[in-house]
Every structure is written in C-alpha cells, then in structure tokens.
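A short worksheet on the structure shown next.
If you're wondering where the values come from, they're calculated on a predicted model, not measured in any experiment. For reference, positions follow the sequence shown, starting with 1. Quick note: numbers below take in every heavy atom, side chains included, and nothing from hydrogens, waters or symmetry partners.
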Amino acid sequence: MDKQEWKPGNMLYPVPVVMVSCGREGEKPNIVTVAWTGTICSDPAMVSISVRPERYSYDMIKETGEFVINLTTRELTRATDWCGVKSGRDVDKFHEMGLTAQKACHLDHAPIIAESPVNLECKVRDIQELGSHHMFIAEVVGVQVSGDYMDESGKFDLNSTDLVAYSHGEYFVLGEKIGKFGYSVKKS
C-alpha cells in the first residue's frame, strides 16, 4: 500500500459529537459543542471533555465544577453545529436553537438539554492543562434517558436514536449494525 507521511495531528475519527451544557449563578446557561470527549473509566463512571480555555463555557465549567454531556441525534445536528460556531457571549444558544434547558437531577448549575436522548450529569474531578485544550476529567453522577426510546420490554434502545458522529469536518448518522461485542469468538 502506498502511504504518505503527514505531520502529527488528530486523525482519530470518527468521534462522538456532543453538546455540553453548563451554567453559572446569575447567567444564562450555555452550550458548547465538543467532539473531543470520551469514556475513561467504568467504576466509577468517568468521562473527559477537552475545551479551549478561551471558549465562553470554559470558565463556567471550571468555576462550577460541573457540566452535562448531551448526546446528539440527526434531529439535533443543526443545533449541534450552530452551537459550535456561535459564542454564548453573544447569543442565547438555548433560545436561538429552540432547545429546552431542564434542571439536572444531581447538579446545581448545569442544565440538561431536554431534547437529547441521553444526558450525562458530570462533576469535575481534575483539569489537565494540555496545550490548546484543557481536559476536564469528570465523574458521571447521574444519567437521564428519554422514555421515547424504551422498547416494549422496558429496555432503552440507544441505537434507534439516530446518534451522530463527527469525522474529519463532517457529521454522520450511525448506520448499519455489522456485529456485536464478542461476535468474533461466539460459537455457532
């Protein structure tokens, strides 16, 4: 195979694209779009998000020590993109995108986005200043899921929500199921 060598860069795609909601006493809540997020531990449940310090949401998250990761869907893609290119210093993103800021169950300042099928309520445990972005390492203290995606047996069907991924500057809806964890070693 013919390969080209490029300078070091972030080419780990696709990644989830999420709307991170945050808030601070006396101010309107805000949304920042983040593609640099991930799971880092299962017990306790922990995640990370990476945010540039100059972003409006950065100080809100740093000062309050909380944020919500809101999963995005096909229906939320325009709002997700818009919230990533507009600043909360200038606009009320919830109002402009017709999104609902709803009280979180376990946080004092950061609201959930009601229209999102999954909301991860997070409390910051550590901040790693890594360069252009600072990584907020947080414990998931609560999860809310939309009842719209519960099947007849009461199971949450996450894969029917039309989740969106981000890859090299473009958004994609997750598509065809091609396997299941452990299928490669399962006996027929």
Side-chain angles (χ1 to χ4, degrees), residues 15-73 75-130 132-150 156 158 161 163-164 166:
V15 293
V17 60
V18 299
M19 290 188 283
V20 173
S21 50
C22 55
R24 186 166 41 193
E25 191 70 37
E27 294 182 38
K28 66 185 181 296
N30 195 46
I31 302 166
V32 60
T33 300
V34 173
W36 293 355
T37 184
T39 299
I40 56 175
C41 190
S42 58
D43 188 17
M46 294 184 69
V47 293
S48 68
I49 61 170
S50 294
V51 180
R52 288 182 182 269
E54 57 270 13
R55 296 295 296 258
Y56 180 64
S57 295
Y58 178 88
D59 287 331
M60 286 184 180
I61 296 169
K62 186 173 182 178
E63 289 173 20
T64 64
E66 56 183 52
F67 60 88
V68 178
I69 295 175
N70 303 276
L71 298 190
T72 58
T73 62
E75 191 174 304
L76 294 170
T77 303
R78 183 175 186 282
T80 302
D81 184 68
W82 195 87
C83 289
V85 296
K86 296 290 186 174
S87 175
R89 287 183 187 94
D90 306 322
V91 296
D92 180 337
K93 294 180 184 183
F94 277 96
H95 176 75
E96 293 296 325
M97 288 292 98
L99 298 172
T100 308
Q102 186 173 309
K103 174 82 174 98
C105 294
H106 302 278
L107 303 177
D108 296 322
H109 304 286
I112 69 165
I113 298 174
E115 291 78 8
S116 172
V118 178
N119 317 95
L120 305 175
E121 299 180 28
C122 302
K123 289 200 176 183
V124 176
R125 283 250 197 115
D126 191 23
I127 303 171
Q128 296 290 315
E129 297 182 8
L130 301 172
S132 65
H133 289 69
H134 294 182
M135 180 186 291
F136 291 93
I137 297 171
E139 183 172 351
V140 178
V141 296
V143 176
Q144 295 189 43
V145 298
S146 172
D148 294 343
Y149 300 99
M150 301 301 274
F156 182 65
L158 178 63
T161 64
L163 291 175
V164 173
Y166 181 80

Run the side-chain contact (heavy atoms from CB on, under 4.5 Å) check on Val118 and Phe156 step by step: do they pass?
CA-CA 10 Å; Val118 178; Phe156 182 65; 3.7 Å; yes

Quick check: does any side chain N or O of [X] sit under 3.5 Å from a backbone N or O of [Y], one acting as donor and the other as acceptor?
X: Ser21; Y: Ala110; answer: no
X: Glu66; Y: Asp108; answer: yes
X: Thr39; Y: Val47; answer: no
X: Glu115; Y: Thr100; answer: yes

Indicate the atoms forming the closest heavy-atom contact of [X] with [Y], along with that distance.
X: Lys28; Y: Tyr56; answer: NZ-OH, 4.3 Å
X: Phe67; Y: Ile69; answer: CE1-CG1, 3.7 Å
X: Val34; Y: Ser50; answer: CG1-O, 4.0 Å
X: Thr33; Y: Cys83; answer: OG1-C, 3.4 Å
X: Pro117; Y: Thr161; answer: CB-CG2, 3.8 Å
X: Ile113; Y: Asn119; answer: O-ND2, 3.0 Å

Determine whether [X] and [Y] make a side-chain contact, defined as any pair of heavy atoms from C-beta on separated by less than 4.5 Å.
X: Ser132; Y: Arg52; answer: yes
X: Ile31; Y: Met97; answer: no
X: Ile61; Y: Ile49; answer: yes
X: Leu99; Y: Lys93; answer: no
X: Val17; Y: Asp81; answer: no

Among His133, His134, Glu63, the one residue meeting side-chain hydrogen bond (donor to acceptor under 3.5 Å, both in side chains) with Tyr58
His134

Hey, what do you get for NZ (Lys123) to NE2 (His106), rounding to the nearest 0.5 Å?
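Between atom NZ of Lys123 and atom NE2 of His106 there are 9.0 Å.
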
To the nearest 0.5 Å, tell me how far Gln102 CD sits from Asn70 CG.
10.5 Å

Glu54, CD atom: more than 12 neighbouring heavy atoms under 6.0 Å
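Atom CD in Glu54 is packed in, count exceeds 12.
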
Kindly check if the number of other-residue, nucleotide or ligand heavy atoms within 6.0 Å of CD (Glu75) is above 12?
no

